[in-house]
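The next block holds one structure in the form of structure tokens; read it before the comments.
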Amino acid sequence: MRRIFSRRTQGTTACLPAVASAEAGAAVDQKHDGWEAVTPWVFALTLLLFSLDPSAALAAPLSADMIVSVPDQVLAFVDRGKLIARYSISTSKFGTGDSNASYRTPLGTLFVSAKIGDRLPSGAVIKNRIPTGETVAVDAPGRDAIVSRVIWLRGMETQNQKARDRCIYIHGTPEEHRIGKPASFGCIRMRSRDIIDLYDRVHIGTHVLITPRRIHDFVKPEEPSLLARSD
């Protein structure tokens with residue numbers, strides 16, 4: 001199923017258009033933008049695609065896709081129409097959109113442009129895409145950091161073209177009690193155990209569809225894979 005298919009970061013984040021924050025993190029500091037996670041063969045494939053057709057390089061998913069349902073507050077990982085995994089998430093408490101400084105979650109088709117956090121422990125704090133060495137416990141009072149893993153998204157459509165510069169991520173949060181309802185500042189938040197599991201499943205180029213539609217519009221309840229995991 002080839003679907004055409006995030007925030008103030010309280011004390012640890014920043015990627016606002018005119019301000020520095022961590023979920024708003026930075027359209028700068030490119031040397032840390034996570035491309036070190038690209039394996040040589042994927043990078044070579046991307047270069048080949050780009051040489052043939054620059055637009056194809058921005059849409060080089062190899063297999064599965066992610067579907068993020070805003071009304072369901074669910075992220076489904078789907079392979080050829082089969083549900084592989086389903087996770088509860090948290091999108092923006094300010095709604096959907098892609099305007100600068102809006103703190104909204106963009107809709108439409110995006111893709112994974114970078115992955116940050118290989119082998120970090122659960123709860124490890126990541127600020128401006130760099131591990132700080134600190135680890136935060138689940139639901140630690142007064143802490144709303146980016147933790148565990150970061151999956152950085154780039155938009156593929158006019159309606160989400162600012163997503164990467166706005167530092168729209170899928171990432172772990174210590175505020176796990178808020179998962180399941182809109183609570184972020186634009187990003188897609190997940191429990192640490194879930195973002196670690198998802199991180200290991202996706203690759204650079206994986207498509208992400210963020211949609212106002214329900215998950216069951218894409219994956220029927222009676223059609224999950226036998227390997228599917230659920231929240």
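Taking each heavy atom of Ala76 and Leu83 in turn, the nearest pair found is CB-CD1, 3.9 Å. Here the closest non-hydrogen pair linking Asn160 and Pro106 is CB-CB, 3.8 Å. Smallest separation of non-hydrogen atoms from Ala114 and Ile204: CA-CD1, 3.6 Å. In terms of heavy-atom proximity, Gln161 sits nearest to Asp98 at N-OD2, 3.3 Å. The two residues Gly186 and Ser92 have their closest heavy-atom pair at N-CB, 3.6 Å. Between Leu75 and Met190 the shortest heavy-atom distance is CD1-SD, 4.4 Å.
Taking CD1 of Ile84 as the start and CG of Leu198 as the end, the distance is 12.5 Å to the nearest 0.5 Å. Note that the NE2 atom of His177 and the CD atom of Glu175 stand 5.0 Å from one another [nearest 0.5 Å].
Residues Arg189 and Tyr169 fail the side-chain proximity criterion, which asks for heavy atoms closer than 4.5 Å. Counting heavy atoms from C-beta outward, Asn100 and Arg166 have side chains that approach closer than 4.5 Å. Proximity of Leu153 to Ile151: side-chain heavy atoms (C-beta onward) are separated by under 4.5 Å at one or more points. In this structure the side chain of Pro174 never reaches within 4.5 angstrom of the side chain of Val138, judged on heavy atoms. No side-chain heavy atom of Val208 sits less than 4.5 Å from a side-chain heavy atom of Asp65. Looking only at side-chain heavy atoms (C-beta outward), Leu209 and Phe218 come within less than 4.5 Å of each other. Annotation: side chain of Ile210 is in contact with side chain of Ile188 (closest heavy-atom distance under 4.5 Å). Counting heavy atoms from C-beta outward, Ile168 and Trp152 have side chains that stay 4.5 Å or more apart.
When atom types are taken as modelled, the side chain of Arg149 and the backbone of Leu120 share a donor-acceptor pair closer than 3.5 angstrom. Side-chain atoms of Ser90 come within 3.5 Å of backbone N or O of Lys181 as a donor-acceptor pair. Between the Thr91 side chain and the Val70 main chain, no donor and acceptor come within less than 3.5 Å of each other.
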Check the pair Val202 / Lys115 against side chain to side chain contact (heavy atoms under 4.5 Å, CB included), numbers first and verdict last.
CA-CA 9 Å; Val202 306; Lys115 297 171 60 182; 4.2 Å; yes
Would you sort out whether Arg178 and Thr173 count as a side chain to side chain contact (heavy atoms under 4.5 Å, CB included), showing the intermediate values?
CA-CA 9 Å; Arg178 298 183 183 277; Thr173 176; over 6 Å; no
Given Ile170 and Met66, is the side chain to side chain contact (heavy atoms under 4.5 Å, CB included) satisfied, shown in steps?
CA-CA 11 Å; Ile170 303 173; Met66 289 181 272; 4.0 Å; yes
Go through the steps for Arg214 and Val74 under the test side chain to side chain contact (heavy atoms under 4.5 Å, CB included), then give the verdict.
CA-CA 9 Å; Arg214 301 282 185 177; Val74 162; over 6 Å; no
Could you walk me through whether Asp197 and Arg201 satisfy the salt bridge (Lys or Arg N to Asp or Glu O under 4.0 Å) test, starting with their C-alpha distance in whole Å, then the side-chain angles of each, then the deciding distance to 0.1 Å, before giving a yes or no?
CA-CA 7 Å; Asp197 182 74; Arg201 296 175 185 268; 2.9 Å; yes
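A search for side-chain contact (heavy atoms from CB on, under 4.5 Å) contacts involving Ser122 returns Ser148, Ser192, Ile196, not counting sequence neighbours. By the side-chain contact (heavy atoms from CB on, under 4.5 Å) test, Ser69 is found to be paired with Pro71, Asp72, Ile215, residues two or more places apart in sequence or in another chain being considered.
When only modelled atom types and interatomic distance are considered, Ser99 and Arg104 share no side-chain donor-acceptor pair under 3.5 Å. Ser88 and Gln73 share no side-chain donor-acceptor pair at under 3.5 Å.
Because its NZ or CZ atom is not both nearer than 6.0 Å to the ring centre of Tyr87 and within 45° of the ring axis, Arg191 does not count as a cation-pi partner of that residue. In this structure, Lys93 forms no cation-pi arrangement with Tyr103, as its terminal cationic atom is not both closer than 6.0 Å to the ring centre and no more than 45° off the ring axis.
Between Arg143 and Glu134, at least one side-chain N (NZ, or NE/NH1/NH2) sits under 4.0 Å from a carboxylate O, which counts as a salt bridge.
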